[in-house]
Amino acid sequence: MSIAAQDLSIGEYLIRRLQDYGVADVFGIPGDYVLGFYYMLEHSPIRVIGCCKEDHAGFAADAYARVNGMGAVCVTYCVGGLSLTNSVAGAYAEKSPVVVISGAPGLSERPNNPLLHHKVRDFRTQFEVFEKICVACAELNDSHTAFREIDRVFDAAFRYKRPVYIELPRDMVKVVPGIPHAFHKTELSSNRDALAEAVAETSRLLSEAQKPIIIAGVEIHRFGLQDQLVALAESLQIPVAATILGKSVVAEKHPLYVGLYEGAMGLDEVTAYVEESDCVLLLGAFMTDINLGINTANLDPSRCIYVTSEQLRIRHHHYHDVILGDFVHELTAAKPKVTKRPVLKHPKQSGAPFQLKPDAPMTISRLVARLDQELDDNTIVISDVGDALFATTELTTHGRTEYIGPAYYTSMGFAVPAALGASVARPNMRTVAVVGDGAFQMTGNELSTLIRRKAHHICIVLDNKGYGTERFLHPGDFNEINPWRYSRLPDVYGGGKGYEVRTEGEFDLALMRAWNEKNVSLIQVHLSVTDKSQALGRLAERLSKKV
Ligand SMILES: Cc1ncc(C[n+]2csc(CCOP(=O)(O)OP(=O)(O)O)c2C)c(N)n1
Ligand SMILES: [Mg+2]
């Protein structure tokens with residue numbers, strides 16, 4: 001597509017590009033260095049979603065990007081931008097395309113290096129920080145190159161699924177470069193010969209295998225390949241496991257789905273089923289320590305075909321310039337004859353159905369089992385770090401993007417702001433955040449924005465009065481926190497309902513009300529300080545044998 005850009009200012013051009021990439025909402029907080037652009041945004045079709053704090057806005061934009069394909073955050077110089085660094089680093093680590101737009105002092109204000117407010121060391125300090133945590137950065141300080149620079153960084157975000165940074169000096173927002181400019185979305189293509197050879201080698205290995213398995217990872221989601229993955233698995237009849245970061249890329253009710261492969265955290269049956277395989281096809285999966293249950297997985301590279309957007313390695317052969325989507329597509333078309341391996345019955349299916357014990361004290365395992373009963377296609381679960389992350393791995397997701405968790409970067413405080421991002425991207429869906437009390441104390445006040453937006457959101461606070469996960473690693477007073485009366489916060493935030501529960505019966509009642517009332521609910525769940533999920537229990541037990 002090409003547009004006549006002559007009449008657009010730099011700010012207007014930036015807004016056009018956001019729209020072209022499907023970004024309809026921008027998260028952030030204004031400040032004087034970015035007010036001009038905020039004004040322009042507000043008078044455009046894009047909605048501005050004000051947040052309580054910039055790092056929350058970053059988490060929200062990250063989750064929005066995971067659900068929507070791309071997200072954006074707009075902040076002021078340094079005091080706003082530098083607050084964003086942790087969430088943008090998380091988006092980089094977990095491959096989420098977030099466009100960071102920051103205002104900056106005007107170029108005309110900079111001669112003689114004056115001490116302008118918000119400046120740290122020199123005018124480039126913030127830019128240099130973001131260079132370390134973004135895949136591409138641009139300073140829009142030259143009207144002749146500004147449009148090209150904007151195109152370049154959007155292209156990088158789209159192609160690599162990582163954050164990018166755009167710095168917009170306040171006196172450049174309304175500048176109209178007035179030069180012809182054509183915008184072209186870059187189309188990537190595979191090297192046909194490399195693709196054909198890689199598919200041929202993979203087909204041969206799969207045909208020779210007796211026990212093949214696919215491990216699906218997060219990139220299947222980021223590149224929108226969920227349907228192609230299912231088509232491949234169905235056509236070749238190969239069972240599929242997923243990594244934690246890739247949880248929900250395949251509907252966990254699919255007949256070929258065998259469970260999460262997560263080393264020591266995972267179920268023995270799933271771990272054995274995957275590790276017994278003589279041909280493991282890893283698609284879009286990053287082998288992080290958390291994905292592998294803190295390095296406890298055993299996958300022999302000589303039995304692995306490892307395909308991501310960044311590399312393609314078949315055993316020890318490397319292929320270059322092969323696009324992940326093309327590989328999945330061509331392998332499906334090649335349709336090698338594959339030995340049908342009996343699918344592992346999902347261990348949960350053989351378990352007894354959940355039966356409520358109304359007077360029993362609430363535990364995290366029972367909470368997850370109860371929540372699992374309610375999950376439907378209309379719900380997105382967002383987990384925080386701590387036992388929330390381990391426990392929610394046991395939920396059964398139904399569709400394609402119903403589970404969001406910071407399962408690699410593991411920054412506490414992700415879930416509530418991320419729920420805001422997911423809810424803005426999918427206003428008709430219900431979001432459920434499962435969050436530890438420690439993590440809630442970091443960013444939980446973003447509930448106030450969910451309330452303001454009249455979102456249907458349920459925030460489940462796991463109240464074990466401290467840093468439970470760390471208590472298992474290093475006991476100490478530093479793991480204790482001031483216990484809050486979380487259930488009363490909706491009063492402070494000016495909307496929604498709070499519940500305080502101790503038993504299964506109380507949780508059941510609160511969950512049912514929250515599920516059906518289309519507003520914000522906060523359920524404070526009192527848990528014993530020694531309680532832990534089965535996944536955390538398995539991890540702790542197996543790691544203690546190792547060390
Ligand atoms: C931003 C951040 N700070 C510190 C940590 C280290 N850390 C990992 S888990 C954890 C405790 C989490 O406590 P809580 O949210 O209450 O969950 P719980 O472990 O009790 O389930 C801490 C401090 C982290 N992952 N992220
Ligand atoms: Mg806790």
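Both counts, for ligands and for their atoms, begin at 1 and track the order of listing.
With hydrogens and angles left out, the side-chain atoms of Y499 and S521 include no donor and acceptor closer than 3.5 Å. Counted by atom type alone, T393 and K247 present zero donor-acceptor pairs between their side chains at under 3.5 Å. Using a 3.5 Å distance cut-off with no hydrogens or angles, the side chains of D387 and S533 do pair a donor with an acceptor. Side-chain N/O atoms of Y403 and S383 include a donor and acceptor closer than 3.5 Å. With hydrogens and angles left out, the side-chain atoms of S87 and D55 include no donor and acceptor closer than 3.5 Å.
Summarising the local packing, CZ of F127 is surrounded by more than 12 heavy atoms from other residues, nucleotides or ligands at distances under 6.0 Å.
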Tabulated below should be the N or O atoms of ligand 1 paired with protein N or O atoms at under 3.5 Å; can you produce that?
unit_1, atom_1, unit_2, atom_2, d
ligand 1, 7 (N), E470, OE2, 3.2
ligand 1, 15 (O), A439, N, 2.9
ligand 1, 16 (O), D437, N, 3.4
ligand 1, 16 (O), D437, OD1, 2.7
ligand 1, 16 (O), G438, N, 2.8
ligand 1, 16 (O), G466, O, 3.0
ligand 1, 19 (O), G468, N, 3.3
ligand 1, 19 (O), T469, N, 2.7
ligand 1, 19 (O), T469, OG1, 2.5
ligand 1, 20 (O), N464, OD1, 3.1
ligand 1, 20 (O), N464, ND2, 2.8
ligand 1, 20 (O), G466, O, 2.9
ligand 1, 20 (O), G468, N, 2.7
ligand 1, 21 (O), D387, N, 3.0
ligand 1, 25 (N), T410, O, 2.9
ligand 1, 26 (N), M412, N, 3.1

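Taking 4.0 Å as the cut-off between side-chain N and carboxylate O, R162 and E310 count as a salt-bridged pair.
Within the protein, the N, O or S atoms sitting under 2.8 Å from the Mg ion (ligand 2) are D437 OD1, N464 OD1, G466 O.
Listed by first then second residue, pairs satisfying ring pair (Phe, Tyr, Trp, His ring centres under 6.0 Å) with a partner in residues 437-471 read F440-Y486, not counting sequence neighbours.
Every residue two or more places apart in sequence or in another chain that forms a side chain to side chain donor-acceptor pair (under 3.5 Å) with Q126 is listed here: S102, Y165.
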